[in-house]
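Take a look at the structure below.
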Amino acid sequence: MKKNIFLSISLSLFTGSWVFAGPRPLYFERACENGVQINLGAVGDFLMHDPLQKKSQNTKSFQPLWKQWLNYTRGVEQMYGNLEVPTARGHAVDGSIVPDPGNVFDRYVHTTFPLFNTHPQILKDINESGFDIVSTANNHALDRGPKGVEATIDELESVGLSFTGTRRRNEVREASVYIESKGIKVGWLACTTVLNSADKEKQVLHCRRDWNKIKEIISRMKHQADAVIVTPHWGEENKNEPHKEQYYFGRQMLDAGATAVLGAHPHVLQPMEKYRTKDGREGFIIYSLANFISFQPDFKQKSSMMLFLGLTKNRSGETFINGVKYIPALMRNRTGNLMDIELLPLEKAQKDPLYDVVKEHIFDLFPVENSMGFGEKIITNSQCR
């Protein structure tokens with residue numbers, strides 16, 4: 001992606017004063033219009049490698065992995081994340097169905113890459129952390145086969161956590177999910193371009209295979225909701241530059257009626273952009289939210305964020321984006337101590353040896369003006385105040 005470079009700007013969000021050049025700030029034309037406002041929060045992948053599962057076994061909860069962020073995950077009207085792991089209780093890696101061993105990493109029922117499965121305790125912890133919806137359409141969705149997809153759905157429904165992207169075999173299920181906050185109805189839809197296993201039962205909504213169906217769903221959703229958010233699993237792993245297919249699908253989704261597109265799969269951050277749709281709306285795409293929780297080692301894989309998307313509904317009933325903000329983050333891991341594994345806001349990661357390179361990397365990809373300090377109140381259209 002060609003970046004819009006502007007003159008150096010002074011960066012003083014964190015300790016020290018930097019002079020930094022980066023992408024232009026991303027503002028929306030209707031940012032300052034009056035109306036009812038809500039904030040949507042979004043993070044990338046829950047990618048549950050074995051050390052993360054081992055820590056949760058020790059702490060009896062997965063929440064300590066993201067404990068710093070609870071005020072934000074619970075503080076937005078709607079919170080989203082990508083659940084990149086089955087939670088199939090008692091489904092062993094060899095296909096056997098066995099008694100639930102509990103939240104222990106046993107390498108048989110609960111496993112790591114390349115065939116993930118995590119104890120469904122994680123869903124309870126995600127739900128209690130304030131998350132309202134997760135995507136289940138990703139390349140690891142079938143890591144426990146068709147039965148594992150269904151077992152994961154059972155667990156999601158048992159804790160009351162909304163999801164989009166998968167269905168049971170022979171189940172007639174509406175692919176989209178609607179959540180209403182303060183009178184603003186938001187529709188969510190997930191799909192994937194990547195699968196590690198053959199989806200013979202078509203349980204996972206596929207962005208490419210089901211493209212015509214997806215366009216029809218989005219077109220229906222825009223008449224049933226005030227805003228439509230699509231969360232595709234796409235692109236190439238470990239590439240900060242979006243693939244041409246991502247540009248095509250993302251903009252087509254907005255033209256079909258989506259308000260915003262929040263991407264996942266590359267495990268690294270990819271840029272955000274504003275896109276003018278064919279009907280004149282300002283849409284938003286972030287091509288990859290990267291990892292939220294993981295054990296991957298590279299500094300790009302440890303670079304993360306929490307994104308906030310502001311929506312306004314005016315007196316005429318029109319709903320539009322009023323702004324975007326993000327908090328930079330660093331995934332601390334591989335220190336030799338399981339208890340150190342945690343997603344940190346960048347301000348609290350200054351002692352990490354990768355702090356400087358992660359900081360530079362994030363602000364090379366995203367406008368610093370759209371960032372916010374950890375602990376600040378979420379105001380997505382702060383330029384209007």
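Everything numeric in this text was worked out from a predicted model, so none of it was measured. We're numbering straight along the sequence, starting at 1.
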Review point. What closest approach, in Å, do W69 and L343 show between heavy atoms, and which atom pair accounts for it?
Key: NE1-O, 3.0 Å
Check your understanding: How about E84 and H233: does a side-chain donor come under 3.5 Å of a side-chain acceptor?
Key -> yes
Review point. More than 12 non-hydrogen atoms from neighbouring residues, nucleotides or ligands closer than 6.0 Å to NZ on K239, yes or no?
Key: no
Review point. Charged N to carboxylate O below 4.0 Å: is that the case for E273 and R251?
Key: yes
Check your understanding: Quick one: are Q203 and L142 in side-chain contact, heavy atoms under 4.5 Å?
Key -> yes
Check your understanding: Do the ring planes of Y247 and Y287 sit parallel (below 30°), tilted (30 to 60°) or perpendicular (above 60°)?
Key -> perpendicular
Check your understanding: Taking C-beta and beyond as the side chain, do K182 and L311 meet within less than 4.5 Å on heavy atoms?
Key -> no
Check your understanding: Do the side-chain N and O atoms of D100 and H119 include a donor-acceptor pair separated by under 3.5 angstrom?
Key -> yes
Practice item. Consider only side-chain heavy atoms of I, L, V, M, F, W and Y, link residues closer than 4.5 Å, and tell whether F116 and V104 are in one cluster. Key: no
Point to revise | Y108, OH atom: more than 12 neighbouring heavy atoms under 6.0 Å | key: yes
Review point. Under the side chain to side chain donor-acceptor pair (under 3.5 Å) criterion, do N291 and S304 qualify, and how do the steps go?
Key: CA-CA 6 Å; N291 294 323; S304 186; over 6 Å; no
Check your understanding: Are any of the side-chain heavy atoms of I38 and V186 separated by less than 4.5 Å?
Key -> yes
Point to revise | N127 side chain vs L123 backbone, donor-acceptor pair below 3.5 Å | key: no
Check your understanding: If you draw a 6.0 Å radius around NZ in K274, do more than 12 non-hydrogen atoms from other residues or ligands fall strictly inside?
Key -> yes
Check your understanding: Is it true that the side chains of S129 and Q63 contain a donor and an acceptor less than 3.5 Å apart?
Key -> yes
Point to revise | Non-hydrogen side-chain atoms of F28 and F284 separated by less than 4.5 Å | key: yes
Point to revise | Whether D210 side chain and I214 backbone form a donor-acceptor pair below 3.5 Å | key: no
Check your understanding: Is it the case that more than 12 heavy atoms not belonging to D279 sit under 6.0 Å from its CG atom?
Key -> yes
Check your understanding: Can you list the steps and then say if D125 with Q121 is a side chain to side chain donor-acceptor pair (under 3.5 Å)?
Key -> CA-CA 6 Å; D125 293 334; Q121 172 70 37; 2.9 Å; yes
Review point. Is the backbone of P51 close enough, under 3.5 Å, to the side chain of H49 for a donor and an acceptor to pair up by distance?
Key: no
Practice item. Using atom types as modelled and distance alone, determine if a side-chain donor or acceptor of H223 lies under 3.5 Å from a backbone N or O of M221. Key: no
Exercise for review: Measure across I217 and A175 and return the closest heavy-atom pair with its distance rounded to 0.1 Å.
Suggested key: CD1-CB, 4.0 Å
Review point. Taking C-beta and beyond as the side chain, do V204 and T192 meet within less than 4.5 Å on heavy atoms?
Key: yes
Check your understanding: With a 4.5 Å limit on heavy-atom distance, are the side chains of L365 and H361 in contact?
Key -> yes
Review point. Should the ring pair F46 and W66 be called parallel, tilted or perpendicular, given that the plane angle runs from 0 to 90° and is split at 30 and 60?
Key: perpendicular
Exercise for review: Could you check if a side-chain atom of L83 sits within less than 4.5 angstrom of a side-chain atom of I126, using non-hydrogen atoms only?
Suggested key: yes
Study note, to complete from the structure: Note: S181 and Q78 closest approach over all heavy atoms is OG-NE2, 3.1 Å
Exercise for review: For atom CG of N34, decide whether the heavy atoms of other residues, nucleotides or ligands shown that lie under 6.0 angstrom number more than 12.
Suggested key: no
Review point. Quick one: do F62 and L156 end up in the same hydrophobic cluster if we chain Ile, Leu, Val, Met, Phe, Trp and Tyr together by side-chain heavy atoms under 4.5 Å apart?
Key: yes
Exercise for review: Kindly give the heavy-atom pair with the smallest separation between S303 and I362, and that separation in Å.
Suggested key: CB-CG1, 4.1 Å
Check your understanding: Will you find, in the side chains of S96 and D94, an N or O donor that is under 3.5 Å from an N or O acceptor?
Key -> yes
**Study point:** Modelled atom types, side-chain donor and acceptor of Y178 and Q224, under 3.5 Å
**Key:** yes
Practice item. Give a yes or no on this: more than 12 heavy atoms of other residues, nucleotides or ligands lie within 6.0 Å of atom CZ of R107. Key: no
Practice item. Is it possible for you to say whether I153 and L195 belong to one hydrophobic cluster, with membership spreading through side-chain heavy-atom contacts below 4.5 Å? Key: yes
**Study point:** NZ (K215) with more than 12 external heavy atoms under 6.0 Å
**Key:** yes
Revision key, fill the gap. In short, M79 meets G130 closest at the heavy-atom pair CB-O, 3.5 Å
Review point. Do the side chains of I327 and L344 join up, straight or via other hydrophobic residues, at under 4.5 Å, putting them in one cluster?
Key: no
Review point. Are any of the side-chain heavy atoms of T164 and S176 separated by less than 4.5 Å?
Key: no
Revision key, fill the gap. Between C191 and M253 the two heavy atoms that sit nearest each other are SG-CE, 4.0 Å
Check your understanding: Sub-3.5 Å donor-acceptor pair from the side chain of T152 to the main-chain atoms of T87, do we have one?
Key -> yes
Practice item. From the options R167, R169, R168, select the one residue that forms a salt bridge (Lys or Arg N to Asp or Glu O under 4.0 Å) with E150. Key: R169
Point to revise | Side chain N370, main chain Y326, donor-acceptor under 3.5 Å | key: no
Point to revise | Side-chain (S288) to main-chain (V268) donor-acceptor, under 3.5 angstrom | key: yes
Check your understanding: Is it the case that N238 and Q301 place a side-chain donor and acceptor less than 3.5 Å from each other?
Key -> yes
Review point. Should we say atom NZ of K55 is surrounded by more than 12 heavy atoms from elsewhere, each under 6.0 Å from it?
Key: yes
Exercise for review: Indicate, with yes or no, if I378 and F374 share a hydrophobic cluster defined by side-chain heavy-atom contacts under 4.5 Å among Ile, Leu, Val, Met, Phe, Trp and Tyr.
Suggested key: yes
Check your understanding: Relative to each other, are the rings of F308 and Y72 parallel, tilted or perpendicular (30° and 60° limits)?
Key -> tilted
